[in-house]
Amino acid sequence: QELPETVPLKFFRPENTPVPARPTPEQLSNLIKTSLHYPESFNHSFHQKSLCLVPVTLLLSNCSQAVVDVMIDLRHKPTSSEALEIHGSFTWLGQTQYKLQLKGQEVYSLQLKACFVHTGVYNLGTPRVFAKLVDQVTLFETSQQNSMPALIIINNI
């Protein structure tokens, strides 16, 4: 009984490799993950000093392998009167806009200062973060999905 002749396998590779698909809007809105680090509550004597300054760290994580241009805007204020009634208003001190570039998987820590003039509960989750891939020819960065409200309690001592 003769064995059938074995033919060597041939592997073909297409010469023109496909161009990577454009990222979807959803992928683009998840390039950068943000998280705020701050004390849950902060005690301050408003009688001694009228302005209460609280250090806040904004952590930016590039979730992609690509280099990403990031823009942070601290000038955003909640527009609904309901948000103001519940949380009150506060101000970010210093620079109000930042532009930076994060390498693939890079984590960047931005030191901020929040300024309060009254006791109360405040939502620190106001920074707006925009991002775009560096090699992407777009006029506008994509707004990054905002995390949950970041509440802080300011107490008078």
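Predicted model only: the values in this text are computed from it and were never measured.
Judged purely by atom type and a 3.5 angstrom limit, Asn43 has no side-chain atom pairing as donor or acceptor with the backbone of Ile157. Asn62 contributes a side-chain N or O that, together with a main-chain N or O of Lys103, makes up a donor-acceptor pair within less than 3.5 Å. Side chain of Tyr98 to main chain of Leu110: no donor-acceptor pair is present (N/O by atom type, distance under 3.5 Å, no hydrogens or angles). Judged by distance alone, the side chain of Asn156 and the main-chain N or O of Phe46 form a donor-acceptor pair under 3.5 Å. Formation of a donor-acceptor pair under 3.5 Å by the Ser64 side chain with backbone atoms of Ala66 is found in this model.
A 6.0 Å sphere centred on NE2 of His118 holds no more than 12 heavy atoms belonging to other residues, nucleotides or ligands. Heavy atoms from other residues, nucleotides or ligands lying under 6.0 Å from CD of Gln48 number 12 at most.
Partners of Gln111 by side chain to side chain donor-acceptor pair (under 3.5 Å), not counting sequence neighbours, listed by chain and number: Thr57, Ser109. Scanning for side chain to side chain donor-acceptor pair (under 3.5 Å) contacts around Gln105 gives an empty result, with sequence neighbours left out.
Linking ILVMFWY side-chain heavy atoms closer than 4.5 Å, directly or via other members, places Leu112 and Leu100 in a single hydrophobic cluster. Leu51 and Trp92 are members of different hydrophobic clusters when ILVMFWY side chains are connected at heavy-atom separations under 4.5 Å. Residues Ile32 and Leu59 do not share a hydrophobic cluster, clusters being chains of Ile/Leu/Val/Met/Phe/Trp/Tyr side chains in contact below 4.5 Å.
Tyr38 has its side chain out of reach of Pro55: every pair of non-hydrogen atoms, C-beta onward, lies at least 4.5 Å apart. Annotation: side chain of Val129 is in contact with side chain of Leu60 (closest heavy-atom distance under 4.5 Å). Side-chain contact between Val67 and Gln101 is present, with heavy atoms from C-beta onward closer than 4.5 Å. Side-chain atoms of Leu31 and Leu133, non-hydrogen and from C-beta on, do get closer than 4.5 Å to each other. Taking the side chain as every heavy atom from C-beta outward, Phe116 and Val54 approach each other to under 4.5 Å. Inter-residue side-chain proximity for Pro127 and Thr34 is flagged as unmet; no heavy-atom pair is nearer than 4.5 Å. Within the 4.5 Å cutoff, side-chain heavy atoms of Val70 are placed close to those of Ile72.
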Evaluation steps, side-chain contact (heavy atoms from CB on, under 4.5 Å), between Ile152 and Leu124: CA-CA 7 Å; Ile152 184 171; Leu124 295 176; 3.8 Å; yes
Ser41 vs Asn155, side-chain contact (heavy atoms from CB on, under 4.5 Å): CA-CA, chis, key distance, verdict: CA-CA 7 Å; Ser41 66; Asn155 297 307; 3.9 Å; yes
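When all heavy atoms of Ala150 and Leu36 are compared, the closest pair comes out as CB-CD1, 3.8 Å. Heavy-atom minimum distance, Cys115 versus Phe90: O-CB, 3.4 Å.
Ser35 OG to Leu58 CG: the interatomic distance, rounded to the nearest 0.5 Å, is 7.5 Å. Interatomic distance, His44 NE2 to Lys49 NZ, rounded to the nearest 0.5 Å: 7.0 Å. Rounding to the nearest 0.5 Å gives a distance of 6.5 Å between CG of Leu53 and NZ of Lys113.
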